Amino acid sequence: MKKKNTPVRLNANENFYGSSPKVLKAVIKNTNNISIYPASPVRLEQKLAEKFKVDATNIVVGGGSVRLIDGIIQSLTKPDDEIICFERSFVAYAQLAEAHRRKCILVPQKNFICIPENILPHITKKTKVIFLANPNNPTGTIITHKQLEKLLQSIPETVTVVLDEAYAEYVTDKNFPKAVPLFRKYPNLIIIRTFSKIYGLAGLRIGFGIAHEKVAGILKKNRIPFFFNSLCEDAALTALEDEKYIQVCAGKNATERKYLLDGLQKLKLKAVPSQGNYIFVWFDSENQKDNLFKKFIDHGLLICNLNIFGQSNSLRIGIGNRKVNNSILKLVREFLK
Ligand SMILES: Cc1ncc(COP(=O)(O)O)c(C=O)c1O
């Protein structure tokens, strides 16, 4: 019997190329130690502090950045406070706000772009946290350094801005914020990053934040004991050391992102230019979108139908290698015939 091809995962913005082989080795080596309780991730916090040229007291490691987002809502807001994020953004902000019974205001985008200035009219005395995914997931667009600084200058210091840079390593736009210098200037800025995307460690659950010492201290204090499993620390440390791997993956993604975007746009799809490892496509008809989605799934190309996150008329397609991207373009071409 002919073996069925394994579906290609283009639906969760993971690293298409997987994790570095060096990291896999580090994980396998540590499987001997899984009977032992993990230590607090001080080595990783120290290494991240060196990489970002901040103090280790500014770094907080968490079990994936979603655990940090959860911790931020839990620790920095009270039941009556309000949270702001953009519509069509990372769904966990609103989901976790709801889980904690906090009101979450969704600011509309303009042509799928997040315009920070448009947040200002929504700020009230109750506003405590603003979440900005940059690049935004699912649309892939960015907020620039200038726009971010202007926002930080315009809001009260009592409002925390969480800059979620999960896809930062994929960005090629020179206007992308230099977040660490801004963090030094604005103590109400928290930067969060993850090992789940370009580092290829989504299954291990490692994220980290860069925050004012006091805030990082609160977030650390409120973490669950032994939150960090014993395979994580060496994996993350090895991943940070293998810079070459990250450069290679980012380079391939940038080339393929352009290729796929051009191809989709030539086919007259409303594909939005992206700075991430995925492309957002808008459809005027929900029906047409669902039919195309079905065709992708039937061909073993797993992409994201954004209606699972309550976002209508749109698909998010992960960027593959040239062979996969050609399959995507062929499939769309045939569908539109
Ligand atoms: C913008 C953004 N932030 C955070 C995450 C979650 O990352 P983690 O796996 O570190 O929880 C995602 C995952 O899709 C994301 O798109």
Side-chain angles (χ1 to χ4, degrees), residues 9-16 18-19 23 41 44 48 59-74 83-97 99 104 106 109 112 114 129-143 148 161-171 176-177 179 190-211 219 223-224 227-229 231-233 235-236 239-240 253 272 274-280 302-306 308-311 314-319:
R9 285 181 64 85
L10 303 167
N11 56 341
N13 301 347
E14 295 142 347
N15 185 340
F16 179 81
S19 58
V23 174
L44 180 56
L48 289 166
I59 302 281
V60 50
V61 167
S65 43
V66 285
R67 288 313 292 248
L68 291 166
I69 295 164
D70 186 66
I72 288 167
I73 296 174
Q74 194 191 352
I83 290 165
I84 298 182
C85 62
F86 279 98
E87 64 166 346
R88 268 187 234 104
S89 189
F90 182 41
V91 73
Y93 309 142
Q95 265 177 4
L96 291 169
C104 183
L106 302 183
Q109 294 171 339
F112 312 113
C114 304
V129 179
I130 300 171
F131 284 105
L132 302 174
N134 204 32
N136 188 45
N137 172 18
T139 54
T141 59
I142 64 156
I143 288 169
L148 178 63
V161 173
V162 180
L163 185 67
D164 179 350
E165 297 192 324
Y167 305 94
E169 297 85 359
Y170 288 113
V171 173
F176 189 65
I190 302 179
I191 304 161
I192 53 176
R193 294 265 187 129
T194 182
F195 282 88
S196 299
K197 303 303 176 183
I198 205 163
Y199 288 101
L201 299 178
L204 284 188
R205 315 305 304 131
I206 320 165
F208 62 97
I210 304 175
L219 296 176
R223 284 183 308 207
I224 295 164
F227 71 95
F228 200 55
N229 80 57
L231 298 176
C232 288
E233 193 163 37
L240 286 174
N253 184 70
V272 176
S274 169
Q275 286 291 305
N277 59 344
Y278 48 89
I279 292 178
F280 174 90
L302 305 184
I303 60 162
C304 183
N305 187 340
L306 288 159
I308 60 163
F309 301 132
Q311 300 168 3
S314 44
L315 298 175
R316 190 190 61 204
I317 305 173
I319 295 159

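Order of appearance sets the numbers: ligands from 1, and atoms from 1 within every ligand. These numbers come from the heavy atoms of this one structure, side chains and all, not from hydrogens, waters or symmetry mates. Fair warning: this is a prediction, and the values are worked out from it, not measured in the lab.
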- request: List in chain and number order the residues that pass side chain to side chain donor-acceptor pair (under 3.5 Å) with R67, two or more places apart in sequence or in another chain; answer none if no residue qualifies.
  value: none
Check whether any heavy atom of [X] sits under 4.0 Å from an atom of ligand 1.
| X | answer |
| --- | --- |
| R205 | yes |
| F195 | no |
| G64 | yes |
| N13 | no |

- request: Select the closest option to atom 6 (C) of ligand 1 among S65, S89, A166, judged by heavy-atom distance.
  value: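 Checking each option, the heavy atom nearest atom 6 (C) of ligand 1 is found in S65.
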Ligand-side contact atoms (ligand 1) for residue partner [X], heavy atom cut-off under 4.0 Å:
| X | value |
| --- | --- |
| K197 | 12 (C), 13 (C), 14 (O) |
| S196 | 8 (P), 9 (O), 10 (O) |
| Y167 | 1 (C), 13 (C), 14 (O), 15 (C), 16 (O) |

message: Does either side chain, that of N229 or that of R205, offer a donor lying less than 3.5 Å from an acceptor on the other one?
response: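 The answer is no; no qualifying pair exists.
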- request: Consider only side-chain N and O atoms of N136 and S89, and report whether a donor and an acceptor are under 3.5 Å apart.
  value: yes
query: Would you say ligand 1 has an N or O under 3.5 Å from any N or O of N137?
result: yes
query: Polar-atom distance check: V66 versus ligand 1, any N or O pair below 3.5 Å?
result: yes
- prompt: Looking at atom 12 (C) of ligand 1, what's its closest protein heavy atom, distance included?
  reply: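 The closest heavy atom on the protein side is F90 CZ, 3.3 Å.
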task: Would you mind checking which non-hydrogen protein atom is closest to atom 2 (C) of ligand 1, with the distance to 0.1 Å?
output: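 Looking only at protein heavy atoms, the one closest to atom 2 (C) of ligand 1 is D164 OD2, 3.4 Å.
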Using modelled atom types only, decide if a donor and an acceptor are shared between the side chain of [X] and the backbone of [Y] within a distance under 3.5 Å.
| X | Y | result |
| --- | --- | --- |
| N253 | E169 | no |
| R316 | N11 | yes |
| R223 | V61 | yes |

- request: For I308, look at atom CD1 and say whether over 12 heavy atoms of other residues, nucleotides or ligands are found less than 6.0 Å away.
  value: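 Check passes, neighbour count above 12.
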task: Would you please classify the geometry between the F195 ring and the F208 ring as parallel, tilted or perpendicular, with 30° and 60° separating the classes?
output: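 Tilted.
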